[in-house]
Amino acid sequence: MLTVALSKGRILDETLPLFAAAGIEPVEDPLASRKLVIDTCRDDVRFLVIRPADVATYVQYGAADAGVVGKDLLMENGGEGLYELLDLAISRCRMVVAEPAELAVGDDPSSWTRLRIATKYPNITRGHFAAKGVQTEIIKLYGSMELAPLVKLSDRIVDLVDTGNTLRANGLTEVEKIADITARFVVNRASMKVRSRALGELVDALKRAVAGTAIPDETARAEGAGSGT
Ligand code: AMP
């Protein structure tokens with residue numbers, strides 16, 4: 001039996017069609033069910049549906065053989081004990097530095113020397129700015145980073161941005177990109193040895209599914225521009 005940990009929330013909407021294209025469908029709807037362990041149409045595969053921040057932990061400890069997790073969480077927490085085998089090209093977004101629009105007028109990121117930043121990603125933020133010689137005071141938050149500059153908790157934030165709507169709605173502007181982010185298929189190192197055949201077949205099927213559904217960057221950008229997003 002292969003146990004695959006899936007991230008709940010917005011990643012799940014895009015993960016399920018990929019697995020379906022790879023011939024693996026849950027027997028009940030994980031978006032509606034309260035069950036945490038969900039059987040699939042395949043006797044040899046089951047899903048765990050858990051919080052994104054916990055997926056890598058389940059895979060690292062071998063409680064799940066494999067998982068789907070955002071690159072943001074792998075970067076923040078390190079990828080110890082697991083192999084990152086496949087870029088699933090879903091849940092695409094970017095990690096950015098953002099600040100109030102009025103501060104952004106005339107602000108030059110190359111002149112930054114000391115910043116006060118609110119973020120859910122202290123390790124990524126610290127590493128990014130340390131590499132550029134910028135000192136940071138980091139305020140760790142667990143959600144709604146966009147609020148912090150509005151109430152002067154911090155000057156800037158580091159957060160994920162997809163359409164940019166949340167930033168705009170809160171009067172914030174993206175001033176620097178830290179990384180492009182997508183969801184990754186990760187595998188426990190020991191499982192990779194013990195279940196190499198089953199995992200190899202699953203990875204191949206997912207690769208074909210990704211190739212079949214991936215929108216080339218150029219097309220995605222043109223569509224984004226066309227819809228005004
Ligand atoms: P948007 O308004 O589309 O730019 O989305 C921004 C909000 O959604 C922020 O609160 C982000 O933290 C969150 N977000 C955007 N993309 C992702 C993603 N791929 N995974 C998790 N959270 C995301």
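Please read all numbers here as calculations on a predicted model, not as lab measurements. Whatever order the structure lists ligands and atoms in, that order sets their numbers, starting from 1. Position 1 is the first residue of the sequence; numbering continues from there.
Comparing Thr163, Val96, Ile157 by heavy-atom distance to atom 3 (O) of ligand 1, the nearest is Thr163. The closest heavy-atom contact to atom 11 (C) of ligand 1, among the options Asp162, Val161, Leu73, Leu160, comes from Leu160. Of the candidates Met95, Arg10, Glu14, Arg10 brings a heavy atom nearest to atom 14 (N) of ligand 1. Here atom 9 (C) of ligand 1 lies nearest to Glu146 when heavy atoms of Arg168, Glu146, Glu174 are compared.
Residue Ser91 has at least one heavy-atom neighbour below 4.0 Å for each of these atoms of ligand 1: 19 (N). Every atom of ligand 1 with a heavy atom of Asn165 under 4.0 Å away is listed here by number and element: 2 (O), 4 (O).
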Practice task
Just do the side-chain hydrogen bond (donor to acceptor under 3.5 Å, both in side chains) check on Thr3 and Arg46 with the steps written out, would you?
Solution key: CA-CA 5 Å; Thr3 301; Arg46 64 177 181 170; 2.9 Å; yes
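Inspection of the Arg92 and Thr182 side chains reveals no N or O donor paired with an N or O acceptor under 3.5 Å.
Residues Ser33 and Glu28 come closest through the heavy atom pair OG-OE1, 3.3 Å.
A salt bridge is defined here as a Lys NZ or Arg NE, NH1 or NH2 lying under 4.0 Å from an Asp or Glu carboxylate O, and Arg42 with Glu25 fails to meet this definition.
Nearest protein heavy-atom contact of atom 12 (O) of ligand 1 is Asp159 OD1, 3.1 Å. Protein heavy atom closest to atom 5 (O) of ligand 1, with residue, atom name and distance, is Thr166 OG1, 3.7 Å.
The shortest N or O to N or O distance between Leu167 and ligand 1 is not under 3.5 Å.
With Pro26 as the partner, the side-chain contact (heavy atoms from CB on, under 4.5 Å) test is satisfied by one option alone out of Asp39, Leu16, Val49: Leu16. Checking each of Glu76, Met95, Arg184 against Lys71 for a side-chain contact (heavy atoms from CB on, under 4.5 Å) leaves exactly one that passes, namely Arg184.
Applying the ring pair (Phe, Tyr, Trp, His ring centres under 6.0 Å) test to every pair with at least one member in residues 16-35, sequence neighbours left out, gives these pairs: Phe19-Phe47.
If you look at Cys93 next to ligand 1, the close heavy atoms, those under 4.0 Å, all belong to the side chain.
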